[in-house]
Amino acid sequence: MIAETRKIRLIMELRQGGVTQTDVLTAIEKTPREEFVPELFRESAYDNRPLPIGADQTISQPLIVGLMTQALAPDRRCKVLEIGTGSGYQTAILARLARRVYSVERIRDLYLEAVQRFDRLGIGNVTARIGDGGLGWPEQAPFDRIIVTAAADRVPQALLDQLRIGGSLVIPVGAEGAAQTLWRIERTGEGFEEEPLTGVRFVPLVSGTVG
Ligand code: SAH
């Protein structure tokens, strides 16, 4: 099957899975996932599944990327913080929808590959750095949206602190291998409102940096 047909099939699968917002589907359609996976997996780039990206990490399943992006609902005015750059695929999708994306990755090699991809694809509104994302990015706070693409045992306080009032955080919570839940947390004038979205499976959010 040629790439375009595979892509159309994937978009249909995402719709069936609950990704209904046109801007999110368009962003996914326009982002070449084959550029974010290792050469070996290019054939599978439009399969609805996670794929290995090295360093024991994975590029997320497209359906999960779609559902998380839809739950985050970034718009052109949004300053977004992403924790867990990985391949940079989710970052690239956010960059199409938001004003600016700040992305933190703890593994140097993945960070280096991701920034090369952003350059190659001409993505200019992303600022990436190596760091422990559990600490957020205090110098750039507050953020309108925060998305975490690794599972935390509990929601890091720093991320809640760095969320603007009226803003929201999308984060998987739960231990590695155990049941994890994707949460959407909104910061209101009074505090935080939490809403469980769906069961998920993510690699763990780990403190410290590598490389
Ligand atoms: N959104 C990525 C998914 C990558 S998997 C993609 O689409 O490719 C999760 C990523 O989170 C991994 O790259 C992992 O190294 C990173 N990660 C885990 N703990 C982290 C932390 N504390 N700070 C920053 N990145 C972290």
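Note that ligands are numbered from 1 as they come in the structure, with each ligand's atoms numbered from 1 the same way. Residue numbers run from 1 in the order of the sequence given. Only this structure's heavy atoms are used, side chains among them; waters, hydrogens and symmetry mates stay out.
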Chemist: Please check if the side chain of Arg187 supplies one atom and the backbone of Ile165 the other of a donor-acceptor pair under 3.5 Å.
Modeler: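 No: the side chain of Arg187 does not pair with the backbone of Ile165.
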Chemist: Give a yes or no on whether the backbone of Tyr46 and the side-chain of Lys7 come within a donor-acceptor separation of less than 3.5 Å.
Modeler: no
Chemist: Do Glu105 and ligand 1 have an N or O pair less than 3.5 Å apart?
Modeler: yes
Chemist: Checking a contact table here: which protein heavy atom is nearest atom 3 (C) of ligand 1, and how many Å away?
Modeler: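 Sorting protein heavy atoms by distance from atom 3 (C) of ligand 1 puts Thr58 O, 3.5 Å first.
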Chemist: With a cut-off of 4.0 Å, which atoms of ligand 1 are near a heavy atom of Gln90?
Modeler: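 What qualifies from ligand 1 is 1 (N), 7 (O).
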Chemist: Among all protein heavy atoms in this structure, tell me which lies nearest to atom 12 (C) of ligand 1, with the distance rounded to 0.1 Å.
Modeler: Gln57 OE1, 3.3 Å
Chemist: Any N or O of Gly133 that comes nearer than 3.5 Å to an N or O of ligand 1?
Modeler: yes
Chemist: Return a yes/no value for Val203: is any of its N or O atoms, backbone included, closer than 3.5 angstrom to an N or O of ligand 1?
Modeler: no
Chemist: Run the salt-bridge test on Asp47 and Arg9 with the 4.0 Å N-O cut-off and return the result as yes or no.
Modeler: yes
Chemist: Any idea which protein heavy atom is nearest atom 22 (N) of ligand 1, and the distance to it?
Modeler: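 Among all protein heavy atoms, the one nearest atom 22 (N) of ligand 1 is Val206 O, 2.6 Å.
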Chemist: Specify the protein heavy atom at minimum distance from atom 1 (N) of ligand 1: its residue, its atom name, and the distance to 0.1 Å.
Modeler: Thr149 OG1, 3.2 Å
Chemist: Decide yes or no on side chain to side chain donor-acceptor pair (under 3.5 Å) for Thr188 and Glu193, but give the supporting numbers first.
Modeler: CA-CA 7 Å; Thr188 66; Glu193 281 175 17; 4.7 Å; no
Chemist: So if I count the atoms of ligand 1 from 1 in the order they appear, which ones are less than 4.0 Å from some heavy atom of Ile107?
Modeler: 15 (O)
Chemist: Answer yes or no: is there an ion pair linking Glu113 with Arg120, defined by an N-O contact shorter than 4.0 Å?
Modeler: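 No, this pair does not count.
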Chemist: To check your reading of the model: name the closest protein heavy atom to atom 25 (N) of ligand 1, its residue, and the distance in Å.
Modeler: Arg106 N, 3.3 Å
Chemist: Would you confirm whether Asn125, through its side chain, and Ala95, through its main-chain N or O, come within 3.5 Å as a donor-acceptor pair?
Modeler: yes
Chemist: Ligand 1 versus Ala55, non-hydrogen atoms closer than 4.0 Å: side chain, backbone, both, neither?
Modeler: neither
